[in-house]
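First comes the structure, then the notes that go with it.
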2 protein chains.
Amino acid sequence: MNPTNSSGLPLAEAKARFIHTWGVSGASWGVSKTLAQVHALLLVSPAALSTEDIMDQLKISRGNASMTVRELLDWGLIYKELRPGERREFFVAEKDMLQVTRCIIRARKRRELDQMKRSLDQLAALPGDAADPEYRAFHAVLADIQQLATVSDKMLTRLMQAEKSWFWDKFIKLFM
Amino acid sequence: MNPTNSSGLPLAEAKARFIHTWGVSGASWGVSKTLAQVHALLLVSPAALSTEDIMDQLKISRGNASMTVRELLDWGLIYKELRPGERREFFVAEKDMLQVTRCIIRARKRRELDQMKRSLDQLAALPGDAADPEYRAFHAVLADIQQLATVSDKMLTRLMQAEKSWFWDKFIKLFM
DNA sequence: CACAAGTTTCAATAATTATTGAAACTTGTG
DNA sequence: CACAAGTTTCAATAATTATTGAAACTTGTG
C-alpha cells in the first residue's frame, strides 16, 4: 500500500502534469496559459528559479518569460530572491494558499468588478424621463445590477482582508 | 432637478451604452462579447425579441445570433417565448438578478472549478515516494489547493441554492 | 407532399491575443 | 568607462478564438 519511488511516477512527471492542469485552469478563467504555467512551476519548485530555468523548463522565449514573471510579481503571486554575488534574479512563489487566494481575488476584482462598477455608476447618473415606464424599467435593471455589484464588492473585500483564523474559522464553518 | 425627456439622453442611447458596458465586462470575465451583448439587449428590452431583431440591433450575422441565443438558453439566462400563429421564436431575459447570479455562478463553477477539481483529484491519487521530502512538498501544495477548491465549491453551491430571503438576509448582513 | 418561413451547422475567414526574438537597455565590476 | 551578464521592450508573426454567410436542415400548413 505504501507507494515507493520505484512503483510511482517520477516526481518530475507528476509536476509536469500539475503544470499542465494549472495552465488549462488558468486559461478557463481568463489569464494566459503561460502565466498560469509559470506560476505552477514556481509553486512546485522548492528552490527559487532564474528566468533561464523557467525558459528551459516551459520552453518559452526569454521575452515571454520576462513579461510573465513581471506580471506575476505584479499580482503578488511570486517574489524576487536576490543572491549575493549573482547578477541573475531568482523567483519563488508565495506558497501560502490563503495568501495566493487573496492575490487572485484582488486582481480579478480589479479587472472584472471595479471597472464594471465605474461604468454602471456613470450610466445610472444619466438623466432621463422618470415618467416614462420604459425608462423606469431600464433604471430598475441598472439599480439591481448595481446593488449586486456593491454586495459582491464588499464581500470580496472582506474575504481579502480576512485573517487566516477568521477565514478558516467563521467562514468555512458557516458554509461547510 | 427632475430630469425630463427633453433634457435627457434618448433612452435608446442609454441602452446602447449599457449593452456596450455589459459586453466589455463580459469579455473581461471570459465570455464572448457577443454573448454578453445579446444578454444585455434582452435585459433592457421590455418585450421579447426575435432572432431577426437581435441581428438588426447588434449588427451580427444570423449564425452568430442563433448560436449565441442557444448558449444563453443553455445558461438559463433567457427564455423562449412562443406566440400562437407565429413561426418565429421570441426571447426574453430572466430579469430577477438573484436568478441571473445563480445561472452565472453555476456556469462559471462548472467551467472553472469542477474541471480543475477533477484534474487535481486524479493528480493527488498518483503514487509516489512518501519518504522523499520533495514529493511531500509537492503533495502539500496539491492538498492545499484541493482544500481551497473544495471550500469554494461548497460555498458556491450554497450560494446557488440560497433562497432569496437567506441570500439577502443572512448573507448580506454578514458582509455589509 | 411541396413549399414557405424560419433555424442550425460548419468551413472559411476575420479579428484578437499570445509569443517570439532581436535590438535596446541596465547594472555591476575590473 | 568598457565590457559582461543579464533584463526589458516591442514590432513582426504565430496561434487562437469569434464571426460570417451560404447550404443543409426543420417544421407547420395548404
Side-chain angles (χ1 to χ4, degrees), chain A residues 19-20 22-42 48-75 78-92 107-108 111-112 115, chain B residues 19-20 22-42 48-75 78-92 107 111-112:
Chain A
I19 290 167
H20 176 257
W22 203 241
V24 171
S25 297
S28 88
W29 43 273
V31 306
S32 95
K33 192 182 45 139
T34 302
L35 187 91
Q37 287 186 325
V38 172
H39 184 221
L41 174 62
L42 289 170
L49 300 182
S50 69
T51 305
E52 201 90 22
D53 295 331
I54 294 169
M55 288 165 58
D56 287 355
Q57 295 205 37
L58 299 180
K59 309 246 198 315
I60 60 176
S61 71
R62 184 172 300 283
N64 197 359
S66 168
M67 300 284 264
T68 300
V69 153
R70 197 156 60 83
E71 196 175 345
L72 284 169
L73 287 167
D74 245 40
W75 284 52
I78 66 174
Y79 306 112
K80 266 188 195 172
E81 192 182 284
L82 297 171
R83 294 186 188 171
E86 274 272 27
R87 181 73 63 87
R88 288 176 299 170
E89 296 174 326
F90 291 79
F91 304 95
V92 253
R108 294 189 79 176
R111 223 171 37 126
E112 302 180 9
Q115 180 51 47
Chain B
I19 290 166
H20 176 257
W22 203 243
V24 171
S25 297
S28 87
W29 43 274
V31 305
S32 94
K33 192 182 44 138
T34 302
L35 187 91
Q37 286 186 326
V38 172
H39 184 221
L41 173 62
L42 289 171
L49 299 182
S50 69
T51 306
E52 201 90 19
D53 295 330
I54 295 169
M55 288 165 58
D56 288 353
Q57 295 205 36
L58 299 180
K59 308 248 197 312
I60 59 175
S61 71
R62 184 171 301 282
N64 197 0
S66 168
M67 300 285 263
T68 301
V69 155
R70 198 156 59 85
E71 196 174 347
L72 284 169
L73 287 168
D74 244 41
W75 284 52
I78 66 174
Y79 306 112
K80 268 188 193 171
E81 192 182 283
L82 297 171
R83 295 187 186 170
E86 274 272 28
R87 181 74 63 87
R88 288 176 297 172
E89 296 174 326
F90 291 80
F91 304 95
V92 252
R111 220 170 40 125
E112 302 180 9

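Labels below follow one simple rule: chain letters A, B, ... track the order of the sequence lines, proteins then strands, and each chain is numbered from 1. Since we're looking at a predicted model, the values are computed, not measured.
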Nearest-angstrom distance from the residue atom [atom1] of [X] to [atom2] of [N]:
| X | N | atom1 | atom2 | value |
| --- | --- | --- | --- | --- |
| L82(A) | dT7(D) | CG | C1' | 13 Å |
| R70(B) | dT26(D) | CZ | P | 13 Å |
| I60(B) | dA15(C) | CD1 | P | 15 Å |
| D74(A) | dT8(D) | CG | C1' | 14 Å |
| F90(A) | dT7(D) | CZ | P | 9 Å |
| K33(A) | dA14(D) | NZ | P | 17 Å |
| N64(B) | dT9(C) | CG | P | 14 Å |
| K59(B) | dA15(C) | NZ | P | 17 Å |

(request) Could you tell me which non-hydrogen atom of Q37(A) sits nearest to which non-hydrogen atom of I19(A), and how far apart they are? (result)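 Minimum heavy-atom contact is CG-O, 3.7 Å.
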(message) Which heavy atom of I54(B) sits nearest to which heavy atom of L41(B), and what is that distance?
(response)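 Between these two residues, the closest heavy atoms are CA-CD2, 4.1 Å.
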(request) Give one of base, sugar-phosphate or nothing for E89(B), where a contact means two heavy atoms less than 4.0 Å apart. (result)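 Sugar-phosphate only.
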(request) Tell me which of E86(B) and V31(A) sits closer to the 5' end of DNA chain C, going by the nucleotide each one is nearest to. (result)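 Taking each residue's closest nucleotide, the earlier one in sequence belongs to E86(B).
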(message) Need to verify one output field. Residue with the more 5' nearest nucleotide on DNA chain C, G85(A) or R62(A)?
(response)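 With G85(A) and R62(A) compared, the 5'-side residue is R62(A).
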(request) Stems involving DNA chain C: give each as a range paired with a range, ordered by first number, where a stem means at least three consecutive Watson-Crick or G-U wobble pairs under 3.5 Å. (result)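 C:1-30 with D:1-30 - these are the stems of 3 or more pairs that involve DNA chain C.
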(request) Return no unless some side-chain N or O of T34(A) is found under 4.0 Å from OP1 or OP2 of dT19(C). (result)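 True: T34(A) side-chain N/O within range (under 4.0 Å) of dT19(C) OP1/OP2.
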(message) It should be established whether R87(B) places a side-chain nitrogen or oxygen under 4.0 Å from OP1 or OP2 of nucleotide dG28(D).
(response)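 No, outside the criterion.
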Where the side chain of [X] meets the backbone of [Y], is there a donor-acceptor pair that is under 3.5 Å apart?
| X | Y | value |
| --- | --- | --- |
| D74(B) | E71(B) | no |
| S28(A) | S25(A) | yes |
| T68(A) | A65(A) | no |

Between [options], which nucleotide has the shortest distance from any of its atoms to the side chain of [X]?
| X | options | result |
| --- | --- | --- |
| T51(A) | dG6(D), dT20(D), dT7(D) | dT7(D) |
| S32(A) | dT19(C), dT20(D), dT8(D) | dT19(C) |
| M67(B) | dC10(C), dT19(D), dT8(D) | dC10(C) |

(request) Find which nucleotide of DNA chain D each of S61(B) and S50(A) is nearest to by heavy atoms, and output the residue with the more 5' nucleotide. (result)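 Its nearest nucleotide lies further toward 5', so the answer is S50(A).
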(message) Counting C-beta onward and ignoring hydrogens, is there a side-chain heavy-atom pair between I78(A) and V69(A) closer than 4.5 Å?
(response)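 Sidechains of V69(A) and I78(A): in contact.
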(message) In the structure I gave you, are the side-chain heavy atoms of M55(A) and T51(A) within less than 4.5 Å of one another anywhere?
(response)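 Touching, per the 4.5 Å side-chain cut-off.
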